[in-house]
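See below for the structure under consideration.
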Amino acid sequence: MVEIIGLQEAAEMVSDGATVMIGGFIGVGGPNSILEALIENNVKDLTIISNDTVTPELGIGKLVVNKQIKKAIVTHIGTNPETGRQMNAGELEVELVPQGTLAERIRAGGAGLGGVLTKAGLKTPVEEGKRKLEINGQDYLLEMPLKADIALLKASKADKAGNLYYNGSTRNFNPVMATAAELVIAEVDEIVEIGEINPNDVMTPGIFVNFIVKGGR
Amino acid sequence: MVEIIGLQEAAEMVSDGATVMIGGFIGVGGPNSILEALIENNVKDLTIISNDTVTPELGIGKLVVNKQIKKAIVTHIGTNPETGRQMNAGELEVELVPQGTLAERIRAGGAGLGGVLTKAGLKTPVEEGKRKLEINGQDYLLEMPLKADIALLKASKADKAGNLYYNGSTRNFNPVMATAAELVIAEVDEIVEIGEINPNDVMTPGIFVNFIVKGGR
Amino acid sequence: MDKAQIIETIAKRVAKELNKGDVVNLGIGLPTFVANYVDAEMQITFQSENGFVGLGPAAAKGEENPDIVNAGGLPVTILPGGAFFDSSLSFTIIRGGHVDKTVLGALQVDAQGNLANWMIPGKMVPGMGGAMDLVVGAKKVIVAMEHSAKGKPKILKKCTLPLTAASEVDMIITEMAVIEVTPEGLVLTELGPEATVEDVLAVTEADLIISEALK
Amino acid sequence: MDKAQIIETIAKRVAKELNKGDVVNLGIGLPTFVANYVDAEMQITFQSENGFVGLGPAAAKGEENPDIVNAGGLPVTILPGGAFFDSSLSFTIIRGGHVDKTVLGALQVDAQGNLANWMIPGKMVPGMGGAMDLVVGAKKVIVAMEHSAKGKPKILKKCTLPLTAASEVDMIITEMAVIEVTPEGLVLTELGPEATVEDVLAVTEADLIISEALK
């Protein structure tokens, strides 16, 4: 039971202090129009879960520059110098996570799994404070599931049942994030009638999606 | 680098004693033509990993009737009375696994994860002999990854790069199995030119597939 | 009641438990009939664990598509707005709490909400299929079954058969009764069309708390 | 050698390590150039961790598709036979051992095959991106980098920077040398076009075993 709403309505669903998953990879496949509306709203103290903090001029990057983020759980901040500056100045907490581990932690949150057992990060700063398990003679890190209050996604196409379709490399973290948040809002380039996306080709089933917003591409 | 081969050639790649993942759900989405060829070959002592043992008249079910299976790791044997009979007679070892756990164990095998942490099976016979972990005050079973020597899959369509596309409910375990075996053979209804499957719509990328066989649908 | 009436009584009552927009998984057998008593404006989405949402009615004779079957392997249809996926996403939906209600049969269910429905040691071992994941993952677990097996209670103080899951059942719906599983024990909240409290107690081994409404 | 010659020398030599049909992930920066020296008949498939296989050349000016970018966010192309997927499948490919070779830069690499390439505490913390998964998961890990940083060795007895992974590097290729990581230590197996054994030793802190062929 998906509903089509406006950008401002979508932005208003994000409260101060919320934990927000945001799709995209350096902004590609990111809900950049909703993020613009969040900047206008000036919602504060967000914890974001995302691949990266983009560049200072776009999407998440602008939220960083505008000091709306309290904590960022990301794999990479190299494309946005302002994130590094705020981190070093103690203004922004950054938890760096290996990219595959981030995908699995979100997936575990959405799939009802108790955690992720991976070798990525062993004998590096990533393992600090974490449980290690020996399984069949090999060490694995136990990484915790991630969930969010809200997921802001970007899809190329949605049908009116909320089924999503992603073009090219815009898919990235969007499908796993759709499974792991209380409320899921998808910004889309195009809204089509039910039936225009073949049920075989649906990438995120509409049951995961609460709201659709026509974006600004 | 995928190669198109014949049914008999495919069957010959399965050796006595091999561990074989077999796609399908009560035979739907199962590589039933390759399995027919396996019956002709009369390869023995197989360990199969599959959702179920189908019916005595089809695919895996016929392998059971023909006593070619030593061990079955499956979620359900109710549709094939012969499996239950052989199990009770001590002729066939059956490891019953919850269906979601089976999918995750195969996925973990293919994704380089150390195991699966799930609540499914807690306080049931499924937990016997397994490690339990308390994570954030909740118990989880640690289930081990599964890998195989060979995966026999069924897809509706393959292009000549080995990219696979599944229609309807034939997808089931095929995509995860494609990631978890040393050698992957896909029986397909149709072989098309590269480009005829949109790269967005590929469900199993060709890098996972070694051989394609035109099946008998 | 004959068999058909029993099924109808149970399925109709289960249908009332579904809320608008729910995602629901119906087990094989009796639970399947629940779909017959859900009307379209409820916008219920049925999930089929072999890999889709939008499960529709059985396929009409001659119009079966061998690529579209339900979890029992029978030819069915997919409704507009439905979507197919693999087993991994199917159980992400199930285990991850994205199914609002799961309706299953039982061999035994007990006062702690324990469920046994997948094996009778030495006699019948069909396997659990997706049941263990469904019962652990769904937000609400409804057992839909005949109240007793030829007069032998199935609602017990304690299950004697190997469990499917512990303390996961929320509600039991039979042709004779609606019973809620609460921390205080089983509460009898409704009677079937032909049953009295005494009838129910006679074929129920577990202690029942009789709700105020029935007194 | 000027910068361009250094890059060409390293990239060409890395390309020789690739076998027909390999699935290869190239890191951002110098490793990207390896693709320029691989010809089509090698049937190499490049993997892009943001979500596809079949990574092709950079998009031509005016023909950029904003929906198709590489892991550096730059517009690229996808070759015929390629496929897009999500981050979850992308790292199933990477972590699960389905990438034959990964080629990455390094800040430091040491005699045990330890790699440091993601942070200089207090100075530069870009994050690890997909590097930790790639190094742990790929069948063969090739470090491709300039041999030294302004004369300061990068190939050390022991890394001093925080690690990306321990004991995962298999081979180091620089403009001066090809070095294999073995249980016995680092083995110098080849020299760059303008380098002598003495040149290499002068800018390498780790002990090097000189292979027979170079003696």
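These numbers come from a predicted model, not from an experiment. In what follows, chains are A, B, ... by sequence order, proteins preceding strands, each numbered from 1.
- Contacts between C:Phe91 and chain B at a heavy-atom distance below 4.5 Å involve the side chain alone, from C-beta outward.
- Heavy atoms of C:Ser90 lying under 4.5 Å from chain B are absent altogether.
- Proximity to chain B (any heavy atom under 4.5 Å) is restricted, for C:Thr164, to the backbone atoms N, CA, C and O.
- A salt bridge links B:Arg105 and B:Glu95; the closest N-O separation between the charged side-chain nitrogens and carboxylate oxygens is under 4.0 Å.
- For the pair B:Lys132 and B:Tyr140, the cation-pi criterion (under 6.0 Å, within 45° of the ring axis) is not fulfilled.
- A salt bridge links B:Lys154 with B:Asp189: at least one charged nitrogen is closer than 4.0 Å to a carboxylate oxygen.
- For the set B:Met203, B:Arg107, B:Glu104, the count of heavy-atom pairs under 4.5 angstrom toward chain C peaks at B:Glu104.
- Contact of C:Glu49 with chain B is made through backbone and side chain together, with heavy-atom distances under 4.5 Å.
- When each of C:Ala166, C:Ser167, C:Gly51, C:Ala71 is checked for heavy-atom pairs under 4.5 Å with chain B, C:Ala71 comes out on top.
- When each of C:Leu89, C:Asn70, C:Val69, C:Asn114 is checked for heavy-atom pairs under 4.5 Å with chain B, C:Val69 comes out on top.
- For the pair B:Asn163 (side chain) and B:Ile197 (backbone), a donor-acceptor distance under 3.5 Å is absent.
- The pair C:Glu146-C:Lys3 meets the salt-bridge criterion, since a charged nitrogen lies less than 4.0 angstrom from a carboxylate oxygen.
- Under the rule for a ring-ring contact (aromatic ring centres under 6.0 Å, His included), B:Phe25 has no partner lying at least two apart in sequence or in another chain.
- In terms of modelled atom types and a separation under 3.5 Å, the side chain of C:Asn25 and the main chain of C:Thr102 share no donor-acceptor contact.
- For chain C, the option among B:Asn172, B:Leu96, B:Ile26 with the highest count of heavy-atom pairs below 4.5 Å is B:Asn172.
- Of residues 68-79 of chain B, those residues lying under 4.5 Å from chain C by any heavy-atom pair are B:Thr75, B:His76, B:Ile77, B:Gly78.
- Most heavy-atom pairs under 4.5 Å with chain C: of the set B:Val97, B:Asn51, B:Ile106, this distinction falls to B:Val97.
- The 12-atom threshold is exceeded at NZ of C:Lys140, counting heavy atoms of other residues, nucleotides or ligands nearer than 6.0 Å.
- Within the structure, the ring-ring contact (aromatic ring centres under 6.0 Å, His included) test picks out the following pairs touching residues 92-149 of chain C (sequence neighbours left out): A:Phe208-C:His98.
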Which atom pairs, one a donor and one an acceptor, fall under 3.5 Å between side chains of residues 53-65 of chain B and the rest of the protein, sequence neighbours left out?
{"from": "B:Thr53", "atom 1": "OG1", "to": "B:Thr83", "atom 2": "OG1", "distance (Å)": "2.8"}
{"from": "B:Thr55", "atom 1": "OG1", "to": "B:Glu57", "atom 2": "OE1", "distance (Å)": "3.4"}
{"from": "B:Lys62", "atom 1": "NZ", "to": "B:Glu36", "atom 2": "OE1", "distance (Å)": "3.3"}
{"from": "B:Lys62", "atom 1": "NZ", "to": "B:Glu36", "atom 2": "OE2", "distance (Å)": "2.8"}

